[in-house]
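Taking it in order: structure first as structure tokens, then the write-up.
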Amino acid sequence: MTTVFDPVRLGGLELPNRLVMAPMTRNRADDDGVPTPIMATYYAQRASAGLIVAEASTPNAVGQTYPNITALHNDAHVAGWRRVTEAVGAAGGRMFVQLQHGGRIGHPDNSGGLHPLAPSPVPLPDTIFTPRGHQPAVVPAEMSADDIRTTVADFAAAARRAVDAGFAGVEVHGGNGYLLHQFLASGTNHRTDGYGGSPAGRIRFVVEVVRAVAEAVGPERVGLRIAPGVTANGMHEDDAETVYPALVGALSGSGLAYLHVVFADPDQPLFQHIRKHWEGTLIANPMLPWPGPLPADGGLREGERLLAAGADLVSLGRAFLANPDLVERLRLGAPLNPLRDKGLMYVGGEEGYTDYPALTETS
């Protein structure tokens with residue numbers, strides 16, 4: 001049987017194992033979205049992962065979600081990320097970066113006064129964190145045809161910047177309630193033009209973004225992350241069983257590096273359909289307790305179930321956050337560091353970020 005410790009080829013990369021560090025926003029960038037030196041330390045500590053997918057970076061200013069989120073739309077962003085990729089490369093690691101546009105998950109206070117754009121004027125049903133604390137979400141402006149064309153081009157430009165910064169590739173974020181997911185879901189997409197209505201219309205924007213990014217940097221450098229049925233950030237999908245097969249069908253044969261499925265359940269018919277009809281590499285993120293505590297093995301058992309069901313790689317998030325040497329700990333059956341107060345994930349600084357000990361430090 002294939003195990004998470006077996007090597008695998010991903011596009012032009014030879015991965016030493018099948019454990020992927022999932023993208024996790026940690027708000028450690030500066031106020032302008034430039035990665036900071038502590039981020040290079042953090043990612044280099046975790047370079048033993050088969051692949052690191054770095055946290056979400058916005059492809060344009062209006063797509064900014066929260067304060068201190070990384071970005072990839074100017075030269076300073078590229079320079080900041082290059083310091084990170086060089087540190088990870090020196091430690092023997094490999095990195096993609098996730099590209100994420102917030103859509104309705106944004107606020108003028110977080111984006112230099114720019115008003116959030118979304119498929120339809122449906123606001124986030126929650127407050128949003130800003131430099132002035134939590135504020136009610138604003139009603140986003142419905143994207144025009146020009147807005148859509150510009151945003152597609154911005155994703156492609158961000159992908160080129162990512163490669164310039166030293167990343168092996170990019171992951172387009174199509175899940176967890178952000179812009180691409182908002183186009184896919186009937187609850188947030190009320191459009192009556194060619195980008196709404198039927199599943200074919202609602203997948204159109206995602207397909208255009210992915211194809212533009214693939215044309216910009218090569219399909220072997222591009223992954224897509226999806227989150228079928230995930231209700232994060234007020235999402236509602238009543239026809240996921242129709243929309244996601246249509247999306248997979250539209251992108252099949254495109255030569256993408258991978259498809260990344262969030263909260264994957266090997267017993268779910270939709271996951272089984274995706275595996276059957278996606279001919280390329282499939283990364284699966286196991287369905288683990290959330291927001292409850294992680295299992296003692298960090299998700300290893302559930303990851304192995306996904307491999308047995310046909311996944312090629314397994315992505316883990318919180319386990320990598322708390323254990324810089326997660327691969328070695330799992331290989332040895334060593335105990336894992338417990339995850340600390342989740343508030344530490346977002347407050348900046350070393351605590352709860354770069355100060356988790358490795359086994360050698362513990363012993």
Side-chain angles (χ1 to χ4, degrees), residues 2-24 26 28 35-57 70 72 78-98 159 161-171 217-218 220-223 257-258 260 281 283 285 297-300 303 307 311-337 350 353-363:
T2 300
T3 76
V4 296
F5 307 112
D6 292 334
V8 64
R9 186 173 181 83
L10 179 69
L13 297 176
E14 295 290 345
L15 308 186
N17 58 72
R18 295 170 186 251
L19 286 166
V20 176
M21 179 177 169
M24 294 176 285
R26 287 297 168 262
R28 259 69 178 189
T36 52
I38 195 174
M39 294 174 58
T41 301
Y42 167 75
Y43 283 113
Q45 288 175 336
R46 291 154 178 81
S48 61
L51 177 70
I52 294 173
V53 182
E55 63 206 77
S57 285
T70 61
L72 263 169
V78 173
W81 272 123
R82 188 176 292 122
R83 288 190 289 269
V84 176
T85 61
E86 288 175 350
V88 171
R94 299 136 300 274
M95 294 186 82
F96 273 43
V97 64
Q98 188 181 74
R161 289 185 180 276
V163 173
D164 289 344
F167 287 104
V170 299
E171 176 178 283
V217 298
E220 72 283 357
R221 293 179 180 267
V222 181
Y258 63 79
H260 187 177
T281 298
I283 301 176
N285 172 247
D297 67 358
L300 176 61
L307 288 180
D312 299 292
L313 298 101
V314 173
S315 70
L316 299 175
R318 289 171 289 167
F320 268 112
L321 173 63
N323 298 274
D325 56 348
L326 178 66
V327 177
E328 185 66 9
R329 286 176 183 263
L330 294 179
R331 195 189 305 274
L332 296 175
L336 303 186
N337 292 324
E350 297 179 0
Y353 188 61
T354 56
D355 63 344
Y356 281 104
L359 276 173
T360 52
E361 298 168 297
T362 302
S363 60

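Computed from a predicted structure; not experimentally measured.
- In this structure, OG1 on T354 lies 10.0 Å from OH on Y42, to the nearest 0.5 angstrom.
- The structure places CG of N323 at 4.5 Å from CG of N337, a figure rounded to the nearest 0.5 Å.
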**OP:** Decide yes or no on side chain to side chain contact (heavy atoms under 4.5 Å, CB included) for H260 and E171, but give the supporting numbers first.
**Re:** CA-CA 9 Å; H260 187 177; E171 176 178 283; 2.9 Å; yes

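- What you find for F96 and L51 is that their closest heavy atoms are CD1-CD1, 3.9 Å.
- Taking all atoms of both residues into account, the shortest heavy-atom contact from P324 to S48 is O-OG, 4.1 Å.
- Partners of A159 by side chain to side chain contact (heavy atoms under 4.5 Å, CB included), not counting sequence neighbours, listed by chain and number: L99, V170, V213, V217.
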Original post:
Going through the distances and angles, do L336 and D297 end up as a side chain to side chain contact (heavy atoms under 4.5 Å, CB included)?
Top reply: CA-CA 7 Å; L336 303 186; D297 67 358; 5.7 Å; no

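- Scanning for ring pair (Phe, Tyr, Trp, His ring centres under 6.0 Å) contacts around Y43 gives an empty result, with sequence neighbours left out.
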Subject >> side chain to side chain contact (heavy atoms under 4.5 Å, CB included) evaluation trace for L313 with T281 >> reply: CA-CA 8 Å; L313 298 101; T281 298; 3.3 Å; yes

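- Scanning all heavy atoms of the two residues, the minimum distance from S315 to I283 falls at CB-CG2, 3.9 Å.
- Looking at R94 and I52, their side chains never come closer than 4.5 Å, going by heavy atoms from C-beta outward.
- In terms of heavy atoms, P35 sits closest to T70 at CG-CG2, 4.2 Å.
- Residues N17 and V4 are not in side-chain contact: their nearest non-hydrogen atoms beyond the backbone lie 4.5 Å or more apart.
- By the side chain to side chain contact (heavy atoms under 4.5 Å, CB included) test, E86 pairs with R82, sequence neighbours left out.
- Once rounded to the nearest 0.5 Å, the distance linking CE of M21 with CZ of R46 reads 5.5 Å.
- Scored by the ring pair (Phe, Tyr, Trp, His ring centres under 6.0 Å) test, F167 finds W81 as partners (sequence neighbours excluded).
- Under the salt bridge (Lys or Arg N to Asp or Glu O under 4.0 Å) criterion, the residue pairs touching residues 318-328 are D325-R329, E328-R331, with sequence neighbours excluded.
- Considering CG of D312 and CG of L307, their distance stands at 8.0 Å, rounded to 0.5 Å.
- Note that CG of L19 is 8.5 Å distant from OG1 of T3, once rounded to the nearest 0.5 Å.
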Original post:
Under the side chain to side chain contact (heavy atoms under 4.5 Å, CB included) criterion, do L332 and L359 qualify, and how do the steps go?
Top reply: CA-CA 10 Å; L332 296 175; L359 276 173; 4.0 Å; yes

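- Side-chain contact between L72 and V78 is present, with heavy atoms from C-beta onward closer than 4.5 Å.
- A pairwise comparison of heavy atoms in R221 and A168 identifies NH1-O, 3.3 Å as the closest pair.
- Of all heavy-atom pairs between V97 and V53, the closest is C-CG1, 4.5 Å.
- The side-chain tip of R28 points at the ring of Y353 from less than 6.0 angstrom away and within 45° of straight on.
- With rounding to the nearest 0.5 angstrom, the CZ atom of R18 is 5.5 Å from the CG atom of D6.
- By the ring pair (Phe, Tyr, Trp, His ring centres under 6.0 Å) test, Y356 is found to be paired with no residue, residues two or more places apart in sequence or in another chain being considered.
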